[in-house]
Each structure stands twice: as structure tokens, then as C-alpha cells.
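Quick note on labels: first sequence line is chain A, next is B, and so on, each numbered from 1. None of these values were measured; they are calculated from a predicted model.
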Amino acid sequence: MSATEPMPLDAFALPAPELAQALLSTVLFHRETAGMIVETEAYLGGDDLASHSARGETMRTRVLFGPPGRAYIYLIYGIYECLNVVAGAVGTPGCVLIRALEPLCGLPSMYQRRGLAGAPATLTNGPGKLTQALDITAKQYGQRLDKGALRIRRWRDRPIFETAVTPRIGISECVDWPLRFVWARHPCLSRAR
DNA sequence: GGTAGGATGGGCT
DNA sequence: GCCCATCCTACCC
């Protein structure tokens with residue numbers, strides 16, 4: 001595959017469902033490790049009751065209401081961190097959850113951070129797994145993703161792949177909304193479909 | 001192949 | 001005090 005190039009900050013200024021699709025095949029870098037994004041979910045503002053922004057702006061959700069291209073990171077089940085990319089414009093609290101990567105660089109570090117053996121796909125085929133493998137924590141809350149230590153870059157020549165759309169995983173509201181986007185049949189997805 | 005249960009802590013009512 | 005945008009292990013087909 002060809003080399004990567006920076007993703008300009010204004011490329012993140014899309015409605016969450018469009019950004020979720022645009023982020024497929026881009027590469028997430030942090031601390032000597034990197035992986036290609038193959039699974040995302042869009043979370044909307046307004047009437048999307050599954051979104052953390054649905055109950056308004058709080059200390060935790062503050063970054064969702066600001067400019068796009070920032071990291072929204074939260075602790076889930078007291079154990080795992082989940083990484084989201086803030087989408088849209090100021091005041092529109094959409095975001096994109098990064099759910100799975102294909103490991104590309106620094107696999108020994110990923111195995112060490114995960115503390116488990118297994119196939120490379122198991123390093124990053126889930127939202128809690130990939131943050132552990134790339135050492136992404138609440139310390140990165142609010143950071144810009146177009147440049148810096150935690151960054152997203154895109155291939156100069158975007159690979160050709162098929163996108164599939166499904167409902168989101170693990171939520172109890174808006175369960176049928178088609179807002180999960182995957183690289184179809186990719187071996188590193190968190191679920192087969 | 002499958003599922004049931006526990007870990008664990010911050011956010012919110 | 002309850003609820004999680006999860007993961008792993010144990011156990012059962």
C-alpha cells in the first residue's frame with residue numbers, strides 16, 4: 001500500500017455518519033503503534049438517545065459540543081477506554097466511535113500492552129481492545145487528531161473496499177438505526193456482521 | 001459451536 | 001444506588 005498523508009482538520013467537519021464512512025481505511029497512530037480503521041459507529045445529536053450527548057453538555061461530554069477532529073474518550077465498565085472522533089460543526093454533538101483496527105505497526109508493543117497471546121486480529125478487534133493496544137487513555141481527552149502524538153492519517157491512494165452498514169452494537173436505544181459502518185468481511189471486525 | 005457471569009469505577013438521578 | 005457504546009474466563013454442548 002502507498003504512503004500516508006495528514007488528514008486536514010476540516011476533513012473531520014462532516015456529519016457523523018459521513019465521517020464514520022470516511023474514516024474507514026484511515027490509519028490511527030499512537031506511541032509507536034498504528035492500525036487501520038475498519039469498523040466505526042456514528043452517534044448523533046438531537047433525538048439519538050443512544051448518544052452520550054443526548055442528556056446535554058456535562059463535564060464528560062464537553063468536547064462533543066466543541067469543534068470537530070478532537071478525541072472524545074470515556075471509561076466504560078470501570079475498565080476499558082473507548083475512543084471517539086468528534087464530528088460536525090460547533091454545537092452539533094456528533095461523534096464516531098472507533099470499534100476495530102487492523103494492526104499495522106508495533107505489534108510486539110500491542111501484545112505487551114494487551115497482556116494476551118493470540119492472533120494479531122485479537123489485538124484490536126473491539127473498542128476496548130484497540131485503546132489498550134495503542135495505549136490510549138483519558139489523558140488524550142480533547143486532543144486534536146489531525147496532528148500530534150495521537151493522529152489519524154489517510155492513504156495517498158485510498159484502497160478499494162466494500163462498505164457494509166448495520167445497526168450499532170451494545171446499545172438499548174435506537175437499536176435499529178443503520179449507523180455502524182464496516183469494511184465488509186474484513187478479518188479484524190469486532191463481529192462477523 | 002455457544003452463553004453466563006464477574007471485574008470495576010466514573011457519571012448521573 | 002444504578003447504569004453502562006466491554007472483555008475475558010469458565011463451562012456446556
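Between the CD atom of E81(A) and the P atom of dC4(C) there is a distance of 19 Å, rounded to whole Å. As a whole-Å value, the separation of R60(A) CZ from dG10(B) C1' is 8 Å. Separating the CG atom of L83(A) from the P atom of dT6(C) is a distance of 14 Å, rounded to the nearest angstrom. If you take CZ of R55(A) and C1' of dA5(C), they are 12 Å apart, rounded to a whole angstrom. Remark: P of dA5(C) and CD of E39(A) are 16 Å apart, rounded to the nearest angstrom. To the nearest angstrom, P of dC8(C) lies 10 Å from CG of L123(A). Distance R191(A) CZ to dA5(C) C1': 11 Å, rounded to the nearest Å. What separates CG of L75(A) from P of dG11(B) is a distance of 8 Å, to the nearest Å.
At least one side-chain nitrogen or oxygen of R99(A) sits closer than 4.0 Å to the OP1 or OP2 atom of dT6(C). For R114(A), no side-chain nitrogen or oxygen approaches OP1 or OP2 of dC7(C) to under 4.0 Å. Taking only side-chain nitrogens and oxygens, T58(A) never comes nearer than 4.0 Å to OP1 or OP2 of dG11(B).
With a cut-off of 3.5 Å on both Watson-Crick or G-U wobble distances, the partner of dT8(B) is given as none. Searching all strands for a Watson-Crick or G-U wobble partner of dA5(C) with both distances below 3.5 Å returns nothing.
In this structure, the side chain of S51(A) does not engage the main chain of G45(A) through any donor-acceptor pair within 3.5 Å. With hydrogens and angles ignored, the 3.5 Å screen pairs no side-chain donor or acceptor of R180(A) with any backbone N or O of R168(A).
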Would you list the protein and nucleotides 5-8 of chain B atom pairs, both N or O, that sit under 3.5 Å from each other?
from: dT8(B); atom 1: O2; to: Y77(A); atom 2: O; distance (Å): 2.2

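Here R168(A) lies out of heavy-atom contact (under 4.0 Å) with every strand.
Among all heavy-atom pairs drawn from K129(A) and T122(A), the shortest one is CD-O, 3.5 Å.
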message = salt bridge (charged side-chain N to carboxylate O under 4.0 Å, His left out) for E39(A) and R191(A)? Distances and angles first, verdict last.
response = CA-CA 10 Å; E39(A) 176 177 341; R191(A) 313 233 174 145; over 6 Å; no
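In this structure, R62(A) does not pair ionically with E57(A), as no charged nitrogen and carboxylate oxygen lie closer than 4.0 Å.
Between I152(A) and the options V85(A), D146(A), T4(A), a side chain to side chain contact (heavy atoms under 4.5 Å, CB included) holds for only V85(A).
A parallel orientation is assigned to the rings of F161(A) and W183(A), their planes being inclined by less than 30° (bins at 30° and 60°).
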